[in-house]
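Computed from a predicted structure; not experimentally measured.
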There are 2 protein chains.
Amino acid sequence: MLNHSEIDSILRALVEPTRRQILERLSRGPATVSQLAEPFGMTFAAVLQHLQALEACGLIRSEKIGRVRTCRIEPGGLAPLADWITERRIPVERHLDRLGEILAETDQSSPKVQDQEKDDQP
Amino acid sequence: MLNHSEIDSILRALVEPTRRQILERLSRGPATVSQLAEPFGMTFAAVLQHLQALEACGLIRSEKIGRVRTCRIEPGGLAPLADWITERRIPVERHLDRLGEILAETDQSSPKVQDQEKDDQP
DNA sequence: GGAATGGTTAAGCATGGGCTTGAGTATTGC
DNA sequence: GCAATACTCAAGCCCATGCTTAACCATTCC
């Protein structure tokens, strides 16, 4: 499915553990491509591809000076995903609010709505 | 890479557009498996696999009564991802704070730190 | 200028995961 | 009991994507 929305590309970038580790590393400060590649048992080119994916969706930013490219975190990069999450949460809160209203309207003699257990392993 | 942490499974679930649409649908109220399968031009079995992925990482919950399985949103399902995002954001804020301190310490005669442009298309 | 360093790109392999098919199970309606 | 319904499971196809290899710039050092 070619859903090329913004959160789609951010999620596709974040779903890869290596890229999350790169973000982790960059959150402790800027680094060059070779510095980023070194800790991973991985080719230079592979790390570069990860960096391009991260930069394409606005999670990092990079700047080349001379022959050295330095990468750093883009501060607001995770904001679209954070917004998406809060948007998805609001309807649920609304549902809970309506549930609260319903509970308030009905008698207090049936307080077992919170009792539902989640079945862990089917 | 077999990184089976919680946010890993949540991200793997959310990265699929179909599963996000299913979440969207369920945020408007519970639905049976066949009700969920109907709008997608997709097999029953395929939707079922998506539902299993969503339930395995705690984003939805389902209950079978008779031969009908009803699915609903798990209210706190997105919380681990939201927490992960805020955790990643704090170091950046710290960096910005330190930047603010540095700017406060130095003279006000060099205000070009915010001037850096992001190069859109390489 | 030539070698070394740092990065970039393209081509190809290989695995994972989404989707289908097809068979199978449990429940409901007659 | 038998058929229809609603779902479940397993096997396999196929494509997207991560990774490697191998060549190819560009910059710095001598």
Side-chain angles (χ1 to χ4, degrees), chain A residues 1-5 7-26 30-57 59-72 119 121-122, chain B residues 1-5 7-23 25-26 30-57 59-72 119-122:
Chain A
M1 317 269 176
L2 21 150
N3 188 344
H4 280 286
S5 68
I7 52 129
D8 193 73
S9 61
I10 293 178
L11 285 171
R12 281 215 310 273
L14 288 180
V15 80
E16 181 64 35
T18 310
R19 290 198 278 264
R20 292 204 301 274
Q21 284 178 257
I22 291 176
L23 279 186
E24 214 87 37
R25 167 67 185 80
L26 285 179
T32 70
V33 178
S34 42
Q35 284 171 345
L36 286 171
E38 190 228 342
F40 302 101
M42 200 180 297
T43 321
F44 213 81
V47 173
L48 193 65
Q49 285 167 17
H50 286 310
L51 291 174
Q52 287 166 347
L54 286 168
E55 189 161 18
C57 70
L59 288 175
I60 71 171
R61 184 166 37 98
S62 76
E63 188 188 14
K64 192 167 183 179
I65 299 175
R67 62 184 173 185
V68 176
R69 178 172 293 276
T70 304
C71 306
R72 65 195 72 229
D119 43 335
Q121 316 297 352
Chain B
M1 311 288 171
L2 19 150
N3 188 343
H4 280 287
S5 69
I7 51 129
D8 191 75
S9 61
I10 292 178
L11 285 171
R12 282 214 309 272
L14 287 181
V15 83
E16 181 64 35
T18 309
R19 290 198 279 264
R20 293 203 300 273
Q21 284 180 256
I22 290 175
L23 279 186
R25 166 65 185 83
L26 286 178
T32 69
V33 178
S34 41
Q35 284 171 344
L36 287 171
E38 190 228 342
F40 302 99
M42 202 181 295
T43 321
F44 212 82
V47 174
L48 192 65
Q49 285 166 18
H50 286 310
L51 292 173
Q52 286 166 347
L54 286 169
E55 188 161 21
C57 69
L59 287 177
I60 71 170
R61 185 165 38 99
S62 76
E63 188 188 15
K64 192 167 184 179
I65 298 175
R67 63 185 170 182
V68 176
R69 177 172 294 276
T70 304
C71 306
R72 65 195 72 227
D119 43 337
D120 276 357
Q121 316 296 351

Heavy-atom nearest nucleotide on DNA chain D for A:R19 versus A:A45: which residue maps closer to 5'? A:R19
Does B:Q49 or B:T32 map to a spot on DNA chain D nearer the 5' end, using the closest nucleotide for each? B:T32
OP1 or OP2 of [N] sitting under 4.0 Å from any side-chain N/O of [X]?
X	N	result
A:R12	D:dT17	yes
B:R69	D:dT8	yes
A:S34	C:dT5	no
B:T43	C:dT20	yes

Among [options], the one nearest [X] by side-chain distance:
X	options	result
A:M42	D:dT27, D:dT20, D:dT8	D:dT20
B:A46	C:dG7, C:dC19, D:dT20	C:dC19
B:H50	D:dC19, C:dT27, C:dC19	C:dC19

Is the shortest heavy-atom distance from the side chain of A:Q52 to the side chain of A:E55 under 4.5 Å? no
Closer than 3.5 angstrom, by distance alone: can the side chain of B:Q35 be matched with the main-chain N or O of B:T32 as a donor-acceptor pair? yes
d([atom1], [X]; [atom2], [N]) in whole Å:
X	N	atom1	atom2	result
A:Q52	D:dT17	CD	P	15 Å
A:F44	C:dT5	CZ	C1'	9 Å
A:Q21	D:dG18	CD	P	14 Å
B:E63	D:dC7	CD	P	13 Å
B:L48	C:dG18	CG	C1'	14 Å
B:E38	D:dT5	CD	C1'	16 Å
B:R67	D:dA4	CZ	C1'	7 Å
A:E16	C:dT15	CD	C1'	12 Å

Can you tell me how far CG of A:L23 sits from SG of A:C71, rounded to the nearest 0.5 angstrom? 11.0 Å
CD/B:E38: more than 12 non-hydrogen atoms of other groups inside 6.0 Å: no
Looking only at side chains, do B:E63 and B:T70 share a donor and an acceptor under 3.5 Å apart? no
